[in-house]
Amino acid sequence: MAVVAELGETVSKLRQAYESSRTRSLAWRQAQLRGLLRLLKEQQETAFEALHEDLGKHRAEAYRDEVGLLMKSANEALRQLGKWMTPEKVWVPLVAFPATGQIVPEPLGVILIFACWNVPLGLSLEPLIGAIAAGNAVALKPSELSPCTAKFLAENVGKYMDAAAVKVVQGGPEVGEQLMEHRWDKVLFTGSPRVGRAVMAAASKHLTPVALELGGKCPCIFDMMSSARELQIAVNRIVGAKWSCCAGQACLAIDYLLVEERYLPVLLKVLKSTMKRFFSDADAMARIVSARHFERLRNLLKDREVAPSILHGGSMDAENLYIEPTILLNPPLDSAIMTEEIFGPLLPIITLKKIEDSIAFVRAMPKPLALYAFTGDAKLRRRIVEETSSGSVTFNDAVVQYAIDALPFGGVGQSGSGQYHGKYSFEMFSHKKAVMKRGYLIELTLRYPPWNERKIALMRHLYRFDYFGFVLCFLGLRR
Amino acid sequence: MAAAAAEQLRESFSTGRTRPAAWREAQLRGVLRMATEMETEICDALHADLAKPRTESYVQEISQVKSSCKFALKNLKKWMKPQKVSAGVLTFPSTARIAAEPLGVVLVISAWNYPFLLSVDPVIGAIAAGNAVVLKPSEIAPATSALLADLLPRFVDGSCIKVAEGGVPETTALLEQKWGKIFYTGNGKVGRIVLSLAAKHLTPVVLELGGKCPVVVDSNVDAHVAAKRIAVGKWGCNNGQACVAPDFIITTNSFAPKLVESLEKVLLKFYGKDPLQSPDLSQIVNSNHFNRLSRLMDEEMVSDKVVFGGQRDELQLKISPTLLLDVPLDSAIMKEEIFGPLLPIITVDKIHESFALINSMTKPLAAYLFTKDSTLQDQFENGISAGATIINDTSIHLTNLHLPFGGVGESGMGAYHGTFSFEAFSHKKAILARCFIGETKARYPPYTPEKLKIVKGVLKGNLLAMIQAISGCPRGA
């Protein structure tokens, strides 16, 4: 009960802060972004520690995937903010003269951001940058599965930013449910489709618009590489995109690989040697976030139909929540490991007769957040872009698209709706208001009743922007 | 039946038939031909459903549909072209672009007040974006619904564009299917139901809802011109049954008499001494709504505030333009969206007080202000959130296809018209293409302090770090 009341108060305080208009000015937004940058700089070591505590994430990964990217984003937002806030002038037809038309971005109001546990800093603060840049008040709900990072945010966000308008709410699913009982002007949820459905259903009560960043099985189509050097680079990138991304616990991580069966031995050889080289030190890979997820992944492998397909790895350490980077070959397509998002360090490889068959394979699955293809074949690339649908497509690399500000980040179909990063973040949390101003100089009486055929004829000309015809008609020289 | 239709369209879509520009253009031309060749039939259906005057049918529905088609045809190739964006130096060398792709099979649910426009306009957007579409016209405008079911298959590709008629059960059955997007025009109550059903399949939605569109009238304007523009936006739009029709007026005590007088003069000119006989006034759509509006007018504390009009004809379902002065703010007529020919006028001492009143209500689809004071205009624009704010006129923004048309808060989510229609039914797919020139070893484990230094430098935009990164530094790792 106390929690409910406390949450209610948090929400109403945020609404008060927003309604006081304090979040609207450019100065306020810039101050928050600068505050965030200072937070990331001054508290960087503490952030690394929290991420290591929560996920065993190496500081290099933490910097590369979270802290570093956030600083880049915040700086970009600071640079572009004035431009993003500027209304866009639009063309207005002559018939409305004198008139001006504009599209004016305005904040939505009070935003709720649910972050996921796997990139706990990034998935909280990247949307926060957008929501603040757009002039909103924000409630941030980090995942309870990354408690140290949640605590880090709770302790620092209020110190470096305007605590009246940016609040961190800690807690588990019950807190999330309670928060959704309130009306928000927008909710961004990053997580699983199952919870995404619940969030959207709860939002419907208040007509709260929702953006969903969900997951999916991100496939990697692996075509023949033209040289040993390219093969090695490609494999580096694949191994990095699978196991170097929070041990595969990332919505953008490669979920499974598709390759032509005749090419499999060559690929496997380089895969194994690269994995060995990269992960010689157990420290280099993050651990599984919780015992529950550890069990989930263990069960994927224990499945009687699946276990025989384990080709490499497979060893597990329950105490340290560590699963060795594992490769499987052709597990049954109806097994859980091939129907659910893996979100872990297990990589199924599916072999095909022809690499072109990968297109039909991918189309038969729900639309993923990202689709990867390593190929030099221009025709195959074109077919992949035109015949498959996914949040994004990346050729000859994986996951790096996340770092590019100019590219919208988001899913489609089962992988989500709504996009952010860069200016898309600003737009996600803005309302584009149409504004038209007219004057009193000219009054077109043909607009008004009582209506007759002549007025309709005149309007026909006007709506075709046939001003010459309009004049003739007006003068009675044409019907 | 709904499941079968959805499945059939999914198959049609998966053949790739709706993707080429040629197909889309052919459909758009088909719609354009339909609006042109069938103008009389469409006007007749609208008259049967709503007694809609022919001018309104032409100007507000048919003409608008034609403009939409032409705009889409003109811009289609541009919309379909992938947009190159800067990949930046982080992934150098690489190319990045954003390509629009259709969402698949989409559902458009239309409303009864502009039954032709609100059915066909979103469908135009869906087609332009390369989707297959199911259109569910409103059963409360049955003549138009039947006409669309008959006409559309004759003018467009029936294997990819279908009309599904019916009432609540049929609509619910449709909403239970999985769609690439659902586009709904209607009220907030049903909007919530649409959103909750869409949640089951994680279907994104556009909701075009309503609200109480306020008109603030300052005393420094020409009352006669203001009255005309307000009147045509109110009673010239389906007799007030329009989502952007002015719902109520707020003006100063001192200006109210002048405004009321002007409105009365204008109404007399527009509709004559006996408005119920005027052919230029739409009827109320059905007896449900007629009774609803009667109740609003007859409420105690409200009925004695009628200063003009108030005539009714239950048989013809007609209500005359009615002005009410200073009804209580907690009366039903001030709490619900009126959606009819009743126009309450609320007076305040100072015009600024109107802002607080408007902000105490939910965000409307449109907010109007009549004033010559540019400071007040700026304050209105900054202080009032609405789908759109229009200064010195009403409803005209609908015809400007360069402006997004949609609500915010209770008045809806998402927008359309022009390019926004295309975007509403598209997914903007990010495409990044890299190659194998240059390999950034610093990305990979085993992690070393040297590698981290390079990564930091790259993320900060440090040129030296980038060169080091691409050339495979640090060596030996």
Side-chain angles (χ1 to χ4, degrees), chain A residues 58 60 63-64 68 72 90-92 96 101 103 106 193 196-197 200-201 204-205 207 209 212 230 233 236 240 244 278-281 284 385 389 392-397 400-401 403-404 406-408 412 414 417 431-440 443 447-451 456 459 463, chain B residues 53 55 58-59 63 67 85-88 90-91 96 99 101 188 191-192 195-196 199-200 202 204 222 225 228 232 236 270-271 280 381 385 388-393 396-397 400 402-404 408 410 413 427-436 439 443-447 451-452 455-456 459:
Chain A
H58 193 285
Y63 188 86
R64 187 196 69 203
K72 183 168 93 67
V90 302
W91 175 90
V92 167
I103 302 173
E106 51 173 43
R197 281 188 189 90
M200 201 171 156
S204 69
K205 286 198 293 277
L207 282 177
L212 301 170
E230 281 191 8
I233 295 176
N236 286 348
S244 187
F278 281 11
F279 302 111
S280 50
D281 188 357
V385 169
S389 181
S392 64
V393 177
T394 301
F395 291 110
N396 298 330
D397 209 332
V400 288
Q401 73 274 20
I404 298 178
L407 285 176
V412 64
Q414 297 296 298
S417 53
H431 164 56
K432 281 181 161 169
K433 186 164 74 177
V435 177
M436 256 184 103
K437 275 191 201 165
R438 291 207 67 207
Y440 290 93
E443 237 329 60
R447 266 174 89 176
Y448 307 119
W451 286 311
I456 297 181
M459 279 192 262
Y463 280 112
Chain B
T55 306
Y58 174 74
V59 170
S63 170
S67 292
V85 296
S86 160
L90 220 56
T91 50
E101 55 175 38
R192 282 171 169 77
L195 198 49
S196 72
K200 297 214 181 90
L202 293 170
D222 179 333
V225 175
K228 277 199 288 185
V232 77
F270 282 9
Y271 304 112
D280 290 334
E381 204 185 287
S385 181
T389 54
I390 312 294
I391 312 284
N392 293 329
D393 213 327
I396 44 158
H397 56 300
N400 186 342
H402 295 269
L403 287 172
V408 64
E410 282 284 328
M413 51 183 84
H427 164 57
K428 282 186 165 160
K429 187 157 78 177
I431 303 170
L432 177 67
R434 295 209 69 204
C435 59
F436 297 101
E439 174 56 345
R443 282 162 75 168
Y444 310 119
Y447 300 120
K451 281 186 176 179
L452 182 55
V455 167
K456 279 195 175 180
L459 282 172

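To find a chain, count down the sequence lines: A is the first, B the second, and so on, and within it residues start at 1.
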- Looking only at atom types and distance, does a side-chain atom of A/N396 sit under 3.5 Å from a main-chain N or O of B/A433, one as donor and one as acceptor? no
- Message: Minimum heavy-atom separation for A/L207 and B/L195, please, with both atom names.
- Response: CA-CD2, 4.2 Å
- Query: Do you know which of A/G240, A/A201, A/P408 has the most heavy-atom pairs under 4.5 Å to chain B?
  - Reply: A/P408
- Who wins among A/S417, A/P209, A/S280 for the most heavy-atom pairs under 4.5 Å with chain B? A/P209
- Under 4.5 Å heavy-atom distance to chain A, tell me which part of B/A87 shows up: side chain, backbone, both or neither. both
- Query: B/N400, B/V225, B/T389: which one forms the most heavy-atom pairs within less than 4.5 Å of chain A?
  - Reply: B/T389
- Is there side-chain contact between B/T91 and A/D397, with at least one heavy-atom pair below 4.5 Å? no
- For B/P404, is it the side chain, the backbone, both or neither that has a heavy atom under 4.5 Å from a heavy atom of chain A? both
- Can you tell me how far CG of B/D393 sits from CZ of A/R438, rounded to the nearest 0.5 angstrom? 5.0 Å
- Using non-hydrogen atoms and a 4.5 Å limit, figure out which bit of A/K433 sits close to chain B: side chain, backbone, both or neither. both
- Task: Pick one of side chain, backbone, both or neither for B/H427, based on which atoms fall under 4.5 Å of a heavy atom in chain A.
- Result: side chain
- Engaged part of B/L452 at the chain A interface, taking heavy atoms whose separation is under 4.5 Å: side chain
- Query: Could you walk me through whether A/Y63 and B/L459 pass the side chain to side chain contact (heavy atoms under 4.5 Å, CB included) check?
  - Reply: CA-CA 9 Å; A/Y63 188 86; B/L459 282 172; 3.7 Å; yes
- Message: Under 4.5 Å from any heavy atom of chain B, what part of A/D281 do you find: side chain, backbone, both or neither?
- Response: neither
- Task: Just say parallel, tilted or perpendicular for the rings of B/Y444 and A/F278, cut-offs at 30° and 60°.
- Result: parallel
- Query: Who wins among A/Y440, A/F395, A/F279 for the most heavy-atom pairs under 4.5 Å with chain B?
  - Reply: A/Y440
- Tell me, for B/E381 versus chain A, whether the close heavy atoms (under 4.5 Å) come from the side chain, the backbone, both or neither. both
- So CE of A/M436 and CD1 of B/I396: to nearest 0.5 Å the spacing works out to 3.5 Å
- Query: Between A/Q414, A/Q401, A/K432, which shows the greatest number of heavy-atom pairs under 4.5 Å with chain B?
  - Reply: A/Q414
- Non-hydrogen side-chain atoms of A/K437 and B/N392 separated by less than 4.5 Å: no
- So how far is it from B/E439 CD to A/E230 CD, rounded to the nearest 0.5 Å? 11.0 Å
- Message: Using a 4.5 angstrom heavy-atom cutoff, name the option from B/L202, B/V455, B/V408 with the most pairs to chain A.
- Response: B/L202
- Message: Counting heavy-atom pairs closer than 4.5 Å to chain A, which one of B/A388, B/G191, B/A430 comes out on top?
- Response: B/A430
- Flag the one option from B/E410, B/H397, B/M413 with the top tally of heavy-atom pairs under 4.5 Å to chain A. B/M413
- Roughly how far apart are A/E106 CD and B/S385 OG, rounded to 0.5 Å? 3.5 Å
- Comparing A/S389, A/P193, A/A434 against chain B, the one with the most heavy-atom pairs below 4.5 Å turns out to be A/A434
- Message: I need the minimum non-hydrogen distance between B/I431 and A/L407, along with the two atoms involved.
- Response: N-CD2, 4.2 Å
- Query: Considering only heavy atoms, which portion of B/D280 lies under 4.5 Å from any heavy atom of chain A: side chain, backbone, both, or neither?
  - Reply: both
- Task: With a 4.5 Å cut-off on heavy-atom pairs, point out which of A/A406, A/S244, A/S204 contacts chain B the most.
- Result: A/S204
- Message: Ignoring hydrogens, what is the shortest heavy-atom contact between B/Y271 and A/P449? Give both atom names and the distance.
- Response: OH-CG, 3.7 Å
- Relative to chain A, which segment of B/K228 carries a heavy atom at a distance below 4.5 Å: side chain, backbone, both, or neither? both
- The reported gap from CD1 in A/I233 to CZ in B/R434 (rounded to nearest 0.5 angstrom) is 9.5 Å
- Kindly compute the distance separating CZ (A/R64) from NZ (B/K451), expressed to the nearest 0.5 Å. 10.5 Å
